[in-house]
Visitor: 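Below is one structure. I have some questions about it.
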Amino acid sequence: MTLIKALLYFGVCMTAWSMTTGDSSVPTAQNVHWASLDFQTILKWTVEESEYTYSVLYCAEIDQYWSEAPDCITTSESECDLTQQLIPLDRNYQADIKTESDGLGNTYGLDYDLPHTFSPTFNPYKESNISALEFSLMDVDEGTIILNITHPLTSIHVRGKQQTIKDILKNDLKYKIIYYKSGSTGKREKISDSNTAEVSGLDAGQSYCFMVAAFIPSRPKANQHGAWSTQHCRQIDTHFTQDLSLGAWVGIIFILTVALVIFITATVLCCKRKHQRHKNLQTSQSSVPL
């Protein structure tokens with residue numbers, strides 16, 4: 001009798017434990033992470049193929065009020081675009097991915113705590129990656145050039161206007177510029193507050209190459225830099241001799257030297273021959289009898 005009671009007690013405990021922890025065979029979201037570029041923020045995860053669906057909830061740490069993501073309810077996808085939900089941008093957010101199925105509710109009741117996975121916290125303003133900037137070059141004089149930098153558009157709209165990264169970051173956005181002489185490895189760096197950046201002190205007659213990246217010093221160090229732009233080079237109209245390498249100069253000097261030697265040799269031989277002809281003529285004239 002005591003053994004039967006013990007078995008019944010053990011069965012009740014196991015049932016209660018399974019209801020609170022969930023069925024281990026129910027797949028839950030794994031490798032949950034955020035992917036964000038220019039403030040378009042997507043929650044991603046991996047999961048085994050099954051008949052289960054997933055619903056995403058999110059909340060700001062400041063209020064701890066959980067809301068459903070309207071486009072990510074009972075979805076079979078493994079990502080959820082939360083760009084429009086994570087506003088204001090400068091807050092810490094967390095998401096909760098719940099595994100759902102009609103069978104779970106039927107088995108455990110409507111009050112059953114569905115298996116779920118929490119995401120890491122994420123702050124779009126401080127952590128969203130910034131894409132490469134585009135820019136053009138405008139010469140002021142031989143020693144000064146202006147970089148006109150354009151801002152990438154974001155997926156954020158305010159009063160019907162699509163926002164740029166400048167609209168969002170405002171005065172927190174700076175521009176880091178690196179530049180160097182063409183063919184040189186020595187790089188210089190400049191930080192500008194304006195997207196119309198002036199670089200002066202350039203050597204006249206030299207071609208320079210430039211690259212630009214968004215720079216947000218108010219962010220944590222790991223997230224301060226955007227992607228580097230493609231390289232643009234300032235083209236200088238120079239005499240062709242300025243573009244010749246040392247090897248080319250050596251070749252030119254060698255050819256000129258050889259040509260000079262040939263010219264001198266030919267001139268000497270020609271003079272000798274002319275002198276010999278003149279001498280022969282004089283000899284023949286002196287041998288003729290008067």
Side-chain angles (χ1 to χ4, degrees), residues 6-131 154-157 168 219-227:
L7 290 173
L8 288 173
Y9 178 76
F10 178 75
V12 169
C13 290
M14 289 300 296
T15 301
W17 178 83
S18 65
M19 291 181 67
T20 56
T21 60
D23 187 349
S24 61
S25 64
V26 176
T28 56
Q30 304 293 323
N31 304 315
V32 181
H33 62 281
W34 299 92
S36 183
L37 180 65
D38 296 335
F39 303 103
Q40 180 178 19
T41 303
I42 299 175
L43 182 69
K44 296 187 175 186
W45 63 91
T46 58
V47 71
E48 299 175 2
E49 289 189 12
S50 67
E51 75 280 4
Y52 293 95
T53 57
Y54 303 90
S55 289
V56 176
L57 293 88
Y58 66 95
C59 81
E61 284 189 346
I62 195 170
D63 54 26
Q64 286 294 313
Y65 178 76
W66 290 92
S67 302
E68 286 187 329
D71 297 327
C72 306
I73 300 172
T74 60
T75 178
S76 58
E77 302 294 329
S78 57
E79 63 178 41
C80 177
D81 190 338
L82 290 169
T83 302
Q84 305 305 323
Q85 283 69 50
L86 306 188
I87 296 176
L89 292 168
D90 196 8
R91 288 187 181 178
N92 294 328
Y93 292 92
Q94 190 174 29
D96 184 11
I97 306 169
K98 291 192 173 185
T99 304
E100 295 181 329
S101 171
D102 292 338
L104 292 175
N106 294 335
T107 302
Y108 300 112
L110 297 177
D111 295 332
Y112 173 63
D113 187 14
L114 297 171
H116 60 95
T117 305
F118 287 111
S119 73
T121 57
F122 185 76
N123 185 310
Y125 189 86
K126 295 179 180 178
E127 299 181 65
S128 184
N129 295 320
I130 304 298
S131 61
T154 72
S155 297
I156 306 296
H157 291 75
I168 293 172
R219 284 182 166 191
K221 194 168 184 178
N223 304 108
Q224 289 181 349
H225 286 88

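Every heavy atom of this structure was used, including side-chain atoms; hydrogens, water molecules and symmetry mates were not.
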Visitor: When rounded to the nearest 0.5 angstrom, what distance separates OH in Tyr54 from OG1 in Thr117?
Guide: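 The distance works out to 9.0 Å.
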
Visitor: Minimum heavy-atom separation for Ser119 to Gln94, with atom names?
Guide: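 Nearest heavy atoms, Ser119 then Gln94: O-NE2, 3.0 Å.
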
Visitor: Counting neighbours of CD on Glu49 that are heavy atoms of other residues, nucleotides or ligands and sit closer than 6.0 Å, is the number greater than 12?
Guide: no

Visitor: Hey, could you give me the CZ/OG distance between Arg219 and Ser128, rounded to the nearest 0.5 Å?
Guide: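 One finds 6.5 Å between CZ of Arg219 and OG of Ser128.
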
Visitor: Do Asp38 and Ser131 pair up side chain to side chain, a donor and an acceptor below 3.5 Å, judged on atom types alone?
Guide: yes

Visitor: Side-chain contact test, heavy atoms from C-beta onward, threshold under 4.5 Å: evaluate it for Asn223 versus Lys126 and give yes or no.
Guide: no

Visitor: Compare every heavy atom of Ser155 with every heavy atom of Gln84, then report the nearest pair and how far apart it is.
Guide: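 Heavy atoms of Gln84 and Ser155 come nearest at NE2-O, 3.0 Å.
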
Visitor: What pairs with His33 under ring pair (Phe, Tyr, Trp, His ring centres under 6.0 Å), at least two apart in sequence or on another chain?
Guide: none

Visitor: Between atom CD1 of Ile156 and atom CG of Leu89, what is the distance when rounded to the nearest 0.5 Å?
Guide: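 Spacing of CD1 (Ile156) from CG (Leu89) equals 5.0 Å.
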
Visitor: In Å and rounded to the nearest 0.5 Å, what is the OG to CG distance from Ser36 to Asn129?
Guide: 7.0 Å

Visitor: Around Glu77, counting heavy atoms of other residues, nucleotides and ligands shown, do more than 12 lie under 6.0 Å from its CD?
Guide: no

Visitor: For the atom pair CD1 (Ile130) and CG (Leu37), what is the distance rounded to the nearest 0.5 Å?
Guide: 7.5 Å

Visitor: Just jot down the side chain to side chain contact (heavy atoms under 4.5 Å, CB included) partners of Pro70, sequence neighbours excluded, or say none.
Guide: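 Partners of Pro70 under the side chain to side chain contact (heavy atoms under 4.5 Å, CB included) test: Gln85.
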
Visitor: I would like to know whether Asn92 and Thr121 meet side chain to side chain donor-acceptor pair (under 3.5 Å); could you show each step before the answer?
Guide: CA-CA 6 Å; Asn92 294 328; Thr121 57; 5.6 Å; no

Visitor: If I compare all heavy atoms of Thr74 with all of Ser55, which pair ends up nearest, and what's the gap?
Guide: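 Shortest heavy-atom separation between Thr74 and Ser55 comes out as N-OG, 2.8 Å.
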
Visitor: So, for His116 and Thr28, which heavy atoms are closest and what is the spacing to 0.1 Å?
Guide: N-CG2, 4.4 Å

Visitor: Counting C-beta onward and ignoring hydrogens, is there a side-chain heavy-atom pair between Trp45 and Cys80 closer than 4.5 Å?
Guide: yes

Visitor: For Ile97 and Leu43: C-alpha separation, side-chain torsions, deciding distance, then whether side chain to side chain contact (heavy atoms under 4.5 Å, CB included) applies.
Guide: CA-CA 10 Å; Ile97 306 169; Leu43 182 69; 3.8 Å; yes

Visitor: Is a donor on one side and an acceptor on the other found under 3.5 Å between the side chain of Thr46 and the backbone of Gln30?
Guide: yes

Visitor: Show, in sequence, the C-alpha distance, side-chain angles and deciding distance for Ser67 and Tyr58, and conclude whether the side chain to side chain contact (heavy atoms under 4.5 Å, CB included) test is met.
Guide: CA-CA 6 Å; Ser67 302; Tyr58 66 95; 3.8 Å; yes

Visitor: Minimum heavy-atom separation for Cys72 and Asp81, please, with both atom names.
Guide: SG-N, 4.2 Å

Visitor: Between atom OG1 of Thr53 and atom NZ of Lys98, what is the distance when rounded to the nearest 0.5 Å?
Guide: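 Going from OG1 on Thr53 over to NZ on Lys98, the span is 12.5 Å.
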
Visitor: Can you label the angle between the Phe122 ring and the Trp34 ring as parallel, tilted or perpendicular, going by 30° and 60°?
Guide: parallel

Visitor: Just so I know, are the side chains of Gln40 and Thr154 near enough to count as touching, which here means a heavy-atom distance under 4.5 Å?
Guide: no

Visitor: So which heavy atom on Val32 is nearest to which on Ala29, and how close?
Guide: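 Minimum heavy-atom separation between Val32 and Ala29: CG2-CB, 4.0 Å.
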
